[in-house]
Each structure stands twice: as C-alpha cells, then as structure tokens.
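These notes concern the structure reproduced below.
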Amino acid sequence: MPKRVAVDEVAAHNERMWERLAKAGIPYTRPQGTPPRTRAGKRRFFDRITNGTLEGVELEGKRALSLAGGGGWDAILFAELGAATTLVDISRRQLATVRALARSRGTELDYLRTDMRDLSALGSGEFDVVFHQHSLVFVPDAGRVIAEVARVLAAGGVYVFSTMHPVTFLFYESWTGTGWRPKKTYFNDRPVPVLQPTWEFGRVKVHAPTYEYAHRTADLVNACVAAGLYVDGLWEWSPHYDGGPAGSDDALEQKLPAFIQIRARKPSSSGHAGNGSRRRTDPPAPPPFARPPGYSPPSPRRIRAR
Ligand SMILES: C[S@@+](CC[C@H](N)C(=O)[O-])C[C@H]1O[C@@H](n2cnc3c(N)ncnc32)[C@H](O)[C@@H]1O
C-alpha cells in the first residue's frame with residue numbers, strides 16, 4: 001500500500017480522529033448491510049448507496065476511484081461490477097477494513113493512503129468515475145479536492161460527491177431550548193465549531209473532535225466550473241424524515257437537509273458538455289454581499305449524535 005504524507009495539520013489531526021472512530025467501529029467505518037450475490041442485486045445495492053446518482057452508468061471495463069471511501073461498500077461494488085478500482089483514504093484502519101472484506105470476497109482493489117487534496121500519486125485522466133461520499137467536510141479547501149479530481153478524471157468522466165449541507169451544518173448543537181441559533185454565519189470560512197465532539201451511536205460513544213468545515217453551495221458548484229467540470233445534478237436530502245425530540249439532530253434534519261450531493265462531469269474531448277450545451281470556461285462572478293453581524297455562540301445542550 002503506497003504511503004503518502006498528510007498535507008497539513010488538519011489532515012494529520014483528522015487522520016488520528018478517524019483511526020479512533022474506526023477502532024471503535026462506528027457505522028461510517030464498517031460497510032453496512034450485505035449486498036446480494038447476483039450481479040443485478042449488487043447493482044441495485046450500489047445504486048441505492050450512491051442514491052441513484054450513477055444509475056445507468058456502465059461500470060464494466062471502466063476505471064473507478066472511491067475517494068475517502070474507507071469503511072464503505074462502494075469500492076468493492078465498483079470492482080465487482082467490473083471496474084478497475086482504486087480506494088483512497090487517509091486512515092490506515094479504514095483502508096484495512098475494506099481490504100479485509102475485499103480479500104474475503106476475492107475482490108481486487110488498489111489502495112492508496114493519502115490526503116484527498118493530494119492525489120499526485122494518481123495520473124491525469126486515469127478514472128472514468130469518481131465517487132466521494134460525506135467527507136469534504138473534513139477539509140477546509142474543497143476547491144483543491146475538486147481540482148485534483150478534475151485532473152484525474154478522464155474526458156467524459158463523472159464525479160459524484162457529497163458533504164454535510166452547509167446551511168443545516170451551522171445549526172447542529174445550537175438549540176437554545178426554544179429554537180436553533182446558528183453557530184456562525186454562512187459567509188464565514190472558519191471551521192464550524194464542534195462543541196460536544198462525542199460521536200454517539202447507540203451504546204458506542206467516541207470522543208473524536210474532528211476539524212469540520214461547511215462549504216457554501218455556490219463555492220462547491222463554482223469550484224467544479226473553475227476546474228472545467230459542468231454540474232448536471234444537485235441533491236439535498238436527509239437520511240430519514242421521522243423527526244425527533246425538540247432540538248435533536250433528527251428534528252433538525254426533518255426540516256432541513258443533512259447532506260448535499262453534486263454530480264459533475266468532465267466534458268468529452270469534443271469540448272462539449274454532452275447535453276448539447278456549450279461548456280462554460282469561467283465561473284459566474286459571485287454577487288457582492290454584506291457580512292451580517294456576528295452571532296454569539298450558544299451554550300451546548302446536547303451530545304453530538306449522528
Ligand atoms: C464519514 S466517513 C465516509 C466513509 C465512506 N465514504 C462512507 O460513505 O461510508 C469519512 C472518511 O473520510 C476519510 N478522511 C477524512 N479526512 C480525509 C482526508 N483529508 N483525506 C482522505 N480521507 C479523509 C476518513 O478516514 C473516513 O474514512
């Protein structure tokens with residue numbers, strides 16, 4: 001397994017935290033459920049875990065990258081559906097979990113331990129599909145990841161990524177007893193403060209104060225455009241809509257989406273977007289905005305649970 005060095009203290013810190021989370025075996029560190037044995041069943045399972053964003057994309061004979069995909073099924077399923085697959089993650093333990101599972105199934109994968117912002121070990125134009133779920137939140141500079149992915153994507157390739165919804169993210173842990181009071185403004189690039197950094201899943205509780213960053217929707221879309229990609233899908237959703245006690249994450253996620261997911265494509269070599277429209281070369285200029293007055297931080301009221 002080639003080794004690469006973390007690019008900065010954020011990556012080094014989050015790597016330590018993910019080692020800790022993986023050691024405790026929280027859900028994000030263990031592939032959930034079991035895909036059926038048949039090819040059609042595997043494809044259905046794959047389309048479910050990728051939220052239908054890659055439905056209809058043929059994988060046989062393709063080259064796939066599962067980015068920050070440690071602890072999930074997607075790399076294994078890419079490979080079992082016929083794609084030559086590379087799994088990238090920063091956590092040794094996250095990679096090892098998938099490696100053990102892949103070995104037990106006789107599934108071949110390439111593994112690379114690196115920061116998602118440094119894909120220099122991968123060649124330009126090497127991948128037809130890049131799937132990248134729920135992890136941009138762990139880096140301050142999402143644009144750098146998007147630019148790296150645009151480089152390793154082949155012409156005509158597709159990139160699907162998701163992260164915490166940048167609006168909803170500001171509200172977690174901000175319940176005052178009568179309402180939510182955001183922890184910072186949407187317009188500020190500081191990390192979102194995590195006040196109670198205990199990850200809680202049932203009886204498992206892990207103290208893992210990861211550094212986390214919201215990324216504005218416009219910044220994500222414009223980073224794709226700046227990297228020469230075009231966006232052809234954007235989804236906002238919550239894992240479930242059952243709600244929960246006042247002030248809980250579940251209650252918040254009933255009203256606001258937990259995640260944002262974007263599908264971007266690299267134009268085919270003809271330079272056209274593939275949907276008949278001409279490729280844009282520059283992102284639109286951002287509208288001017290006045291910084292709203294700052295918020296004073298609310299007092300923490302609950303344990304983080306997600
Ligand atoms: C929420 S988990 C998502 C795991 C998997 N993709 C899934 O959907 O279940 C976040 C993953 O990002 C990885 N990660 C965090 N920071 C990273 C970084 N800077 N570079 C690469 N991977 C990183 C963690 O090790 C972890 O495996």
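Just so you know, these numbers use all the heavy atoms, side chains as well, and skip hydrogens, waters and symmetry mates. Start at 1 and go down the list; that is how both ligands and their atoms are numbered.
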Kindly state whether the ring of Phe259 and the ring of Trp237 have centres lying under 6.0 angstrom apart.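 Ring centroids of Phe259 and Trp237 are less than 6.0 Å from each other.
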Strictly below 4.0 Å, N to O, side chains only: are Glu19 and Arg92 in salt-bridge contact?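 Arg92 and Glu19: not salt-bridged.
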Determine, for Arg16 against Glu9, whether the closest basic-nitrogen to carboxylate-oxygen distance falls under 4.0 angstrom.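 Counted as a salt bridge, because a side-chain N and a carboxylate O are separated by less than 4.0 Å.
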Please tabulate, one line per pair, the protein N or O atoms found under 3.5 Å from any N or O atom of ligand 1, giving the distance to one decimal.
from	atom 1	to	atom 2	distance (Å)
ligand 1	6 (N)	Ala68	O	2.9
ligand 1	8 (O)	Gln133	NE2	3.1
ligand 1	20 (N)	Met116	N	2.8
ligand 1	22 (N)	Ile90	N	3.3
ligand 1	25 (O)	Asp89	OD1	2.6
ligand 1	27 (O)	Asp89	OD1	3.4
ligand 1	27 (O)	Asp89	OD2	2.6
ligand 1	27 (O)	Gln94	NE2	2.7

Qualifying salt bridge (charged side-chain N to carboxylate O under 4.0 Å, His left out) pairs with a residue from residues 129-145, counting only residues at least two apart or across chains: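 Non-adjacent pairs meeting salt bridge (charged side-chain N to carboxylate O under 4.0 Å, His left out): Arg117-Asp141, Asp141-Arg144.
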Beyond-backbone contact of Ser124 with Val152, side-chain heavy atoms, under 4.5 angstrom: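 Ser124 vs Val152: side chains apart.
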Identify which one of Arg265, Lys266, Arg63 satisfies the salt bridge (charged side-chain N to carboxylate O under 4.0 Å, His left out) criterion when paired with Asp128.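 That would be Arg63; it is the only one of Arg265, Lys266, Arg63 passing the salt bridge (charged side-chain N to carboxylate O under 4.0 Å, His left out) with Asp128.
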